[in-house]
Amino acid sequence: MKKLLMVLMSLMLLVMAAGCGGSGEKKSAEQPKVLKVGTEPTFAPFEFQEKGSKEFVGFDMDLIRAIGKQLNMQVEIQNMGFDALIPALNAGNIDVAAAGMSITPDRQKAVDMSDPYYVSGLTIVVNKDNNAIKGLKDLEGKGIAVQIGTTGADKAAKVKGSKVKTFNTNAEVFLELKNKGVDAVIIDKPVAEYYLVQGGKDTAKLVGETMEAESYGFSVKKDSKLTPQINKALSDLKKNGEYDKIYEKWFGKKAAAK
Ligand code: GLN
C-alpha cells in the first residue's frame, strides 16, 4: 500500500514537472536569443584580451554587447583569424563579425555591412631609428608587415616592388618590425597609436599622412534580417548617449564623426 502511494505520488510529481516544463517552454521563447559574434582580438583598442585574461575587451566589444542588449540577445564572442570571419559568416558559424572591419566594396559583395560606427584610416609605422621612410613613396622595394586579409595588406601589395610579409595577428606584425624583419608596417591608425602609447613608442614611430579614409562596420551574412536590426540599435545607441559613453571610455574624447 505504502509502495502504491509512493508510486502515485511520484507520478503526480512527474505530471507537475511536465506542467512546469510547459510553461517553462513558453518562457524560453521570450528569452534572449544568442548573437554569435566573431572577432580577431589583436586589434587594440577595438578588440583585445588583457594579459592572462580570456575576456574580450575594447570599443567594438562594448558596442556589440550594447547592440545585443538593445536587441534582447545574448552576445557570445569567439576568437578567429581575421581572414576566417567572412567565410564563418557565410557558413552560418557566426552571426556578426565585430573586428574593426573597414567597409569596402569588395567586402560588400561577399557580406552585408552595417552603417559605419567608426571613422578610421591607414598609417605607416617604422622603427624609431629609421629616418629614410617618411611616406608611402619611400616604401617602394621595402619589406612591409601586415595582417592577412586586411586593407593594410591590400595597400602594401600595391606599393611598387614591396616585399609583403603577412601575419595572422597584429602582435606578430609589430614584433616583426621590432625584430627588423621588415622596414615598415601598414595598419589602421588608431591601432598604431594605441600600440605606441602602450610602450611601442620606445622602438617605433608613425610616419606620413593618414592614408585611405575608412569606416568600420559590422558584417552580417548577405540579406540577413539582422542588418537592419543592428543599424536600428546602432542609431538608437548614438541617440541615447550610450555610443558616446563607450567612445569616450576607449578614446578619452568625444567622437568627431560617428
Ligand atoms: N580595418 C582593417 C580592415 O578592415 C583592419 C582590421 C583588422 O585588422 N582587424 O581590413
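Just so you know, ligand 1 is whichever comes first in the structure, and atom 1 is the first atom listed for that ligand. Side chains included, hydrogens not; waters and symmetry mates left out as well; all remaining heavy atoms used.
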Can you name the atoms of ligand 1, numbered from 1 with element, that are less than 4.0 Å from a heavy atom of F82? 3 (C), 4 (O), 6 (C), 7 (C), 9 (N), 10 (O)
Is the contact between A99 and ligand 1 made by the side chain, the backbone, both, or neither, using heavy atoms and a 4.0 Å cut-off? backbone
Looking only at protein heavy atoms, what sits closest to atom 6 (C) of ligand 1 is G100 O, 3.3 Å
Polar-atom distance check: T150 versus ligand 1, any N or O pair below 3.5 Å? no
Min heavy-atom dist F46 to ligand 1 below 4.0 Å: no
Checking F251, F82, Y194 against F46 for ring pair (Phe, Tyr, Trp, His ring centres under 6.0 Å), the one that qualifies is F251
Going by the order shown, which atoms of ligand 1 are within less than 4.0 Å of some heavy atom of Y216? 1 (N)
Run the numbers for me: atoms of ligand 1, each under 4.0 Å from some heavy atom of M101, listed by number. 4 (O)
Geometry only, no angles: is G149 polar-contacting ligand 1 at N/O separations under 3.5 Å? no
Parallel, tilted or perpendicular, as decided by the 30° and 60° cut-offs, for the rings of W250 and F48: perpendicular
Going by an N to O cut-off under 4.0 Å, is there a salt bridge joining D112 and K222? yes
Applying a 4.0 Å heavy-atom criterion (strictly less than), which segment of R107 is in contact with ligand 1: side chain, backbone, both, or neither? side chain
Check the angle between the aromatic planes of Y247 and F59 and answer parallel, tilted or perpendicular using the 30° and 60° thresholds. perpendicular
Would you mind telling me if ligand 1 is within reach of the side chain of D188, the backbone, both or neither, using heavy atoms under 4.0 Å? side chain
Between K180 and D129, does any side-chain N to carboxylate O distance fall below 4.0 Å? yes
With a 4.0 Å cut-off, would you call E140 and K137 a salt bridge? yes
Return yes or no for this condition: an N or O of Q147 is under 3.5 Å from an N or O of ligand 1. yes
Residue and atom name of the nearest protein heavy atom (relative to atom 7 (C) of ligand 1), distance in Å to one decimal: F43 CE1, 3.4 Å
Hey, are E40 and Q147 close enough side-chain-wise for a donor-acceptor pair under 3.5 Å? yes
Quick one: do the T169 and E172 side chains pair a donor with an acceptor below 3.5 Å? yes
